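So you know, we letter chains A, B, ... as the sequences are listed, proteins then strands, and number each from 1. Not measured: the values here are computed from a predicted model.
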Amino acid sequence: MIINQLSVFLENRAGQLSEFVNILAENNIDLQALSISETQDYGLLRIIVDDPKAVEAVAKEKGWLCTVTPVLAVLVPDEPGSLVSILDTLSKSNISIAYSYASLTDREGHACIILRVDDNEVTEKILKDAGIICE
Amino acid sequence: MANYYQKDIETMSRDKLHELQSERLVAQVKRVYESVPYYRDLMDKKGVKPSDIKGIEDLHKLPFLTKSDLRDAYPYGLLAKPLSECVRIQSTSGTTGRRVVAFYTQHDIDLWEDCCARAIVAVGGTNEDVCQVCYGYGLFTGGPGLNGGSHKVGCLTLPMSSGNTDRQLQFMEDLGATIICCTPSYAAYLAESAIEKGIIGNLKLKAGIFGAEAWTEEMRHDIEQKLGLKAYDIYGLTELSGPGVSFECEAQAGMHVCEDHFIAEIIDPVTEEVLPMGSKGELVFTALTKEAFPMIRYRTRDICVLNDEPCECGRTHIRMSKPMGRSDDMLIIRGVNVFPSQIETVLLNCGMPANYQIVLDRVNNTDTFDVEVEMPSELFSDTVAAISKKEKEILDALKSMLGISPKLKLVAPKSIVRSEGKAVRVIDKRKLF
């Protein structure tokens with residue numbers, strides 16, 4: 001499934017992440033997935049929430065730099081080796097992954113993997129054809 | 001025992017020196033008026049004729065030249081000799097908007113090299129010395145100037161140019177360099193590296209001629225102690241020739257201005273009024289002997305103090321203090337001239353906002369140079385790769401504009417403090433003045 005992810009620019013100083021997550025708490029927003037990429041100077045927070053556009057509006061209002069990007073969410077059985085099948089399929093089709101992370105919530109024995117690729121539609125079709133659940 | 005390269009001139013009596021300056025000034029003003037329409041216009045606008053200038057007492061009547069005149073007249077507008085008589089250009093680092101291109105006849109180069117030779121002899125240089133020049137060669141005046149001076153003195157000259165520290169140290173050790181010419185921060189770096197390599201005890205250095213950037217007395221002592229030499233200051237600018245406009249003698253108490261070639265004045269940068277000897281103000285130079293690119297009353301923007309008290313070395317030429325600051329916003333970072341406006345231009349060209357801050361510091365005797373800029377929302381992306389690509393684009397543009405690379409720091413929107421009045425663009429923690 002193609003879902004919307006919210007990315008947030010975090011300055012590299014103590015308290016930045018906490019400040020942002022507080023906004024989510026104040027607005028009663030549940031975090032389904034989270035990843036942080038760090039560079040020497042800044043961090044990049046990526047999250048999956050129910051209504052990313054609404055969170056984006058609230059965060060922007062408070063001066064946060066953020067952007068909404070469509071990403072691919074893929075369900076895999078929570079068992080050894082299941083990620084391999086996805087990666088093999090993508091690699092055979094010469095699709096490269098910009099980044100990937102896993103959801104925090106358990107979905108009836110499945111884990112949800114978030115994938116950032118160039119073309120979500122094409123990738124989703126390839127994965128479905130290979131029998132991988134894209135929810 | 002003091003050494004001189006041109007003893008008659010360097011120890012000439014003040015009266016004779018004034019006579020010489022007057023004579024040269026009158027001739028120079030007349031020649032410039034006749035051959036440089038740009039300066040003739042400035043004189044006409046001020047209502048001054050060459051015949052009004054009868055000696056140095058009339059110098060104050062002449063109009064100033066500024067960096068913006070150099071820009072307006074770029075490239076040939078201030079040329080006082082046909083190009084057929086010019087043999088060289090030198091240029092300041094920097095950019096289209098601010099670049100200075102100075103022209104030299106063979107005679108100009110000869111006199112410039114004389115000034116550098118005086119500086120080398122003043123620190124004890126003779127034809128027995130091995131002089132390692134690690135200023136950049138090329139458009140920058142540092143390398144070519146000291147190289148020429150070193151030849152004139154008859155030193156064995158090592159034209160190393162800048163960089164490649166391992167090779168610098170190897171030559172320094174193997175060929176027994178006794179005099180070294182570079183920026184003070186590079187000298188400090190060479191000292192650290194020589195200590196690390198364990199070769200410091202093998203070096204034969206006795207004197208260093210260090211210029212092109214601000215340095216403190218503490219730094220001087222540090223370099224002297226580590227490299228086991230005497231560290232001397234030298235001053236100059238491309239507009240006037242290059243290094244050697246003034247230089248320190250063994251007294252290490254101010255830089256003697258080569259007054260037979262340059263008249264120094266101190267003015268109030270706001271009222272432009274000439275200030276009495278010993279006052280702190282903006283340094284203004286008039287080049288008396290330059291043929292191709294003769295600056296008359298050129299405002300250097302350097303703030304300093306002149307001192308006409310006799311010097312123990314026997315030189316009669318007045319001394320100037322180290323520059324104590326600037327009357328404009330120019331920064332000198334690792335020896336390179338940088339204007340905040342250049343950085344602003346690059347950022348705007350790269351689609352960045354003009355919300356930036358330049359943070360300078362000096363760590364281990366080397367300038368650190370950070371540019372913090374607020375990340376605009378249009379450029380924000382969910383991938384580090386996309387942001388890095390933008391960062392690299394900005395860095396490349398900054399490097400090509402400035403000639404040196406800052407460290408770029410992207411910060412959150414509105415995180416750079418907005419001030420009520422003039423934006424605080426520069427935070428200089430170096431405490432050099």
Side-chain angles (χ1 to χ4, degrees), chain A residues 2-20 23 33-49 52-53 55-57 59-73 96-101 114-120, chain B residues 343 346-348 350-361 363 366 368-399 404-419 423-424 427 429:
Chain A
I2 297 167
I3 59 170
N4 275 330
Q5 160 198 272
L6 182 67
S7 310
V8 186
F9 181 84
L10 299 179
E11 273 193 55
N12 196 1
R13 61 182 163 82
Q16 273 270 285
L17 181 58
S18 140
E19 233 178 276
F20 184 82
I23 299 178
L34 167 151
S35 104
I36 297 175
S37 283
E38 93 282 9
T39 72
Q40 214 175 347
D41 299 323
Y42 60 88
L44 200 55
L45 170 70
R46 305 182 188 106
I47 55 171
I48 303 294
V49 289
K53 295 265 186 200
V55 179
E56 183 192 23
K60 276 196 168 160
E61 175 84 3
K62 290 187 184 278
W64 292 85
L65 191 52
C66 36
T67 185
V68 170
T69 326
V71 292
L72 202 55
S96 59
I97 302 166
Y99 56 79
S100 170
Y101 55 102
I114 309 293
L115 292 171
R116 171 70 155 96
V117 291
D118 270 345
D119 191 325
N120 286 325
Chain B
I343 293 168
V346 169
L347 293 176
L348 293 172
C350 291
M352 301 298 279
N355 300 320
Y356 66 94
Q357 204 154 46
I358 300 160
V359 182
L360 302 173
D361 206 343
V363 180
T366 302
T368 62
F369 174 22
D370 292 354
V371 175
E372 294 180 353
V373 58
E374 289 181 4
M375 178 92 185
S377 56
E378 312 84 72
L379 294 180
F380 182 56
S381 158
D382 66 313
T383 64
V384 173
I387 299 174
S388 301
K389 194 173 155 223
K390 189 72 205 173
E391 272 183 295
K392 188 171 181 308
E393 183 193 315
I394 299 169
L395 266 177
D396 288 348
L398 282 171
K399 168 115 206 270
I404 52 170
S405 286
K407 196 167 157 246
L408 187 66
K409 252 188 174 160
L410 295 173
V411 297
K414 309 225 162 39
S415 64
I416 289 174
V417 182
R418 305 294 196 266
S419 68
V424 180
I427 298 180
K429 304 174 182 166

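- When heavy atoms are compared at a cutoff of 4.5 Å, A/Tyr99 approaches chain B solely by way of its side chain, counted from C-beta outward.
- At a 4.5 Å heavy-atom cutoff, the contact between A/Thr67 and chain B is made by backbone and side-chain atoms alike.
- Here CZ of A/Arg116 is found 4.0 Å from CG of B/Asp382. Values are rounded to the nearest 0.5 Å.
- Remark: A/Lys53 engages A/Asn4, A/Asp51, A/Glu56, A/Val68 in a side-chain contact (heavy atoms from CB on, under 4.5 Å) (not counting sequence neighbours).
- Evaluation of the side chain to side chain donor-acceptor pair (under 3.5 Å) rule for A/Ser37 yields A/Arg46 as partners, not counting sequence neighbours.
- The two residues A/Leu44 and B/Ser381 come nearest to each other via the heavy atoms CD1-O, 3.7 Å.
- The distance from the OG1 atom of A/Thr69 to the CZ atom of B/Phe380 is 8.0 Å, given to the nearest 0.5 Å.
- With a 4.5 angstrom heavy-atom cutoff, A/Leu65 touches chain B via backbone and side-chain atoms both.
- Residues from residues 385-393 of chain B that place a non-hydrogen atom less than 4.5 Å from a non-hydrogen atom of chain A comprise B/Ile387, B/Ser388, B/Glu391, given in numerical order.
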Could you list the donor-acceptor pairs under 3.5 angstrom formed between side-chain atoms of residues 12-20 of chain A and any protein atom two or more places apart in sequence or on another chain?
from	atom 1	to	atom 2	distance (Å)
A/Asn12	ND2	A/Gln40	O	2.9
A/Gln16	OE1	A/Glu11	N	2.6

